[in-house]
Amino acid sequence: MEVEVQRVQSIASLGLDMIPPEFIRSEEEQPGLTTFQGPVPEIPVVDIGHGDEEKTVEDVVEAAKEWGIFQVVNHGIPAEAVAQLQRAGREFFGLSQEEKDKYAMKEGKFEGYGTKLQKEVAGKKAWVDFLFHNVWPPETINYGVWPDNPPDYRKVNEEYAQYLLIVVENLLKWLSKGLGLEEEGLKVALGGEEMEYLLKINYYPPCPRPDLALGVVAHTDLSAITILVPNEVPGLQVFKDDHWFDAKYIPNALIIHIGDQIEILSNGKYKSVLHRTTVNKEKTRMSWPVFVSPPPEKIIGPLPQLLSDENPAKSKSKKFKEYQYCKINKLPQ
C-alpha cells in the first residue's frame, strides 16, 4: 500500500548529515560532478505582452527550435493569482503527514499525493514528494484528490487554470504559425477543447547532500507543452550542447517546456527539452508545472502537411495513452 512509502519530507525532517543510499545518484548523474561550471548561456526569455505579434512568433519559434524551453514574461497572469496558487500548495505540504496521506495515489492512478513516480534503474529514488490532479477540462476533474485544506485550495487552482488556458492558446497559435500551419493547427491536432491540463506540485525539501541527489531525474516531458511556475529557489537544469546548465530564476516568469507530443507533431522541428532538477541544502524548492496533453484516445503522429520525401516521418503515430504507457514503463516507442 502507498501509505507504507517513506516520504522524502519525513526523511528530510530527521536532520541527517547524509542521505540514504537509494538517493545517491550514479557519478554520471551527480549534479556535483556534472553541472557545467563557467559562463552559462541564458535560456531565452520572451516578452509575450508587448503587442508586436510577429516578433513574439519569431522569438517563441526560435526558442522552441533551439532550446525546447524558454521563459515568458508579461504573460498576463496576475502576480496575485500565482502567489495564491503557491501559497495554497505550500499550505498543503505544511499539513501533517496523516492529513496529506489521505490524498495518497491509488494503485494504477495518476492523480493524488505521492513520492515515487516511475521505475528507476537500480531502485534509485528522487528527492521529491508531489501532488498531481487534473485542472481542466471540467469532465476530467476528480475533486476527491484535491485537498480540502487550505479551504480555498479549489478556488485558487480553478482561477489559475482559467488564466492558463489563454496562455496555452496563444503559445500553440504562435508555434503553429512557426510551422506554417493555420493558427489552430496544433490545438486541433492535440484534441482541441479536450486537451487535458494536469497540475503537479513538486516539493523538494532541504537535502544534506545536494551534490549527490536529484529532485527529478533527467527526462523529457511526455506532454505537448508544460507551463511551470517555480518558487524562488533555483534548481532547474537544462541539457544542451552536451552540458547541464542551471536555469536562471526570473521573478514572475513562467517556464515553458516543449514536450514530446509537439516534437512528434512538428516532426522534430521543435525540440522536447531534456531537463532535471537539483535540490538545495538549506531551502525547500517547489514548482507548479501544468502538463498540457492530448486526451488518452487521441492519435498523435507527425503532421502530414510537414512531411515530404526529403522530410519523412521521424515517429510512429499512436494513441497518446499508448505513448504514455511506453514512456512510464521505459518501453521502446
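By convention here, the first residue in the shown sequence is residue 1. None of the values given here were measured: they were computed from a predicted structure.
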* Regarding Arg276 and the six-membered ring of Phe239, is the cationic atom NZ or CZ under 6.0 Å from the ring centre and inside 45° of its axis? ->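 Not flagged: Arg276 not positioned over aromatic ring of Phe239.
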Does the pair [X]/[Y] count as a salt bridge with the N-to-O cut at 4.0 Å?
X	Y	value
Glu183	Lys177	yes
Glu158	Lys155	no
Asp211	Lys281	no
Lys187	Glu169	yes
Lys319	Glu297	yes
Glu53	Lys173	yes

With distance as the sole test, does [X] use its side chain to make a donor-acceptor pair with the main-chain N or O of [Y] at under 3.5 Å?
X	Y	answer
Asn231	Met286	yes
Lys248	Ile43	no
His75	Asn252	yes
Asp129	Thr115	no
Asn134	Trp136	no
Asp221	Ser223	no
Arg209	Met18	no
Thr277	Gly215	no
Glu263	Lys271	no
Trp127	Val279	no

Could you check if a side-chain atom of [X] sits within less than 4.5 angstrom of a side-chain atom of [Y], using non-hydrogen atoms only?
X	Y	value
Leu254	Ile227	yes
Gln9	Tyr203	yes
Thr56	Trp174	yes
Gln237	Phe245	no
Pro206	Asn280	no
Glu29	Val217	yes

* Going by distance alone, is a donor N or O of one side chain under 3.5 Å from an acceptor N or O of the other, for Lys269 and Asn267? ->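 Their side chains do not contain a donor-acceptor pair, so the 3.5 Å distance test is not met.
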* Do Ser287 and Lys200 get their side chains close enough for a donor-acceptor pair, meaning under 3.5 Å? ->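 Absent: no donor and acceptor within the cut-off.
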* Near-ring test His133/Tyr153, centroid separation under 6.0 angstrom ->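 For Tyr153 and His133, the ring centres are under 6.0 Å apart.
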* Below 6.0 angstrom between ring centroids: does that apply to Tyr323 and Tyr325? ->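 No; Tyr325 has its ring centre 6.0 Å or more from that of Tyr323.
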Hydrophobic cluster identity match, [X] and [Y], side-chain contacts under 4.5 Å:
X	Y	result
Tyr113	Val145	yes
Leu179	Leu265	yes
Leu16	Leu212	yes
Ile201	Ile77	yes
Tyr163	Val135	yes

Atom pair [atom1] ([X]) and [atom2] ([Y]), whose distance is rounded to the nearest 0.5 Å:
X	Y	atom1	atom2	result
Ile262	Tyr270	CD1	OH	8.5 Å
Gln97	Ser13	CD	OG	8.5 Å
Glu159	Leu164	CD	CG	12.5 Å
Ile225	Tyr197	CD1	OH	9.0 Å
Ile141	Leu198	CD1	CG	11.0 Å
Lys298	Glu196	NZ	CD	13.0 Å

Please report the closest heavy-atom contact between [X] and [Y], naming both atoms and the distance.
X	Y	value
Ser176	Gly185	OG-N, 3.8 Å
Leu222	Gln261	O-NE2, 2.9 Å
Thr220	Lys327	OG1-NZ, 2.6 Å
Phe93	Leu131	CZ-N, 4.1 Å
Trp288	Arg90	CZ2-N, 4.4 Å
Cys326	Pro332	SG-O, 3.9 Å

* Asked: Yes or no on side-chain contact (heavy atoms from CB on, under 4.5 Å) for Asn149 and Glu91, after CA distance, side-chain angles and deciding distance?
  -> CA-CA 8 Å; Asn149 232 332; Glu91 286 183 20; over 6 Å; no
Taking atom [atom1] of [X] as the centre, does the number of heavy atoms from other residues, nucleotides or ligands within less than 6.0 Å exceed 12?
X	atom1	answer
Glu62	CD	no
Glu139	CD	yes
Lys283	NZ	no
Gln305	CD	yes
Glu182	CD	no

* ring pair (Phe, Tyr, Trp, His ring centres under 6.0 Å) between Phe36 and Trp244: does it pass, once the steps are laid out? -> CA-CA 6 Å; Phe36 182 73; Trp244 283 106; over 10 Å; no
* To do: Might you work through the side-chain contact (heavy atoms from CB on, under 4.5 Å) test for Glu322 and Ile299, ending with a clear yes or no?
  => CA-CA 9 Å; Glu322 292 166 359; Ile299 293 175; over 6 Å; no
* What orientation do Phe291 and Phe132 show, parallel under 30°, tilted 30 to 60°, or perpendicular over 60°? ->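 Phe291 and Phe132: tilted rings.
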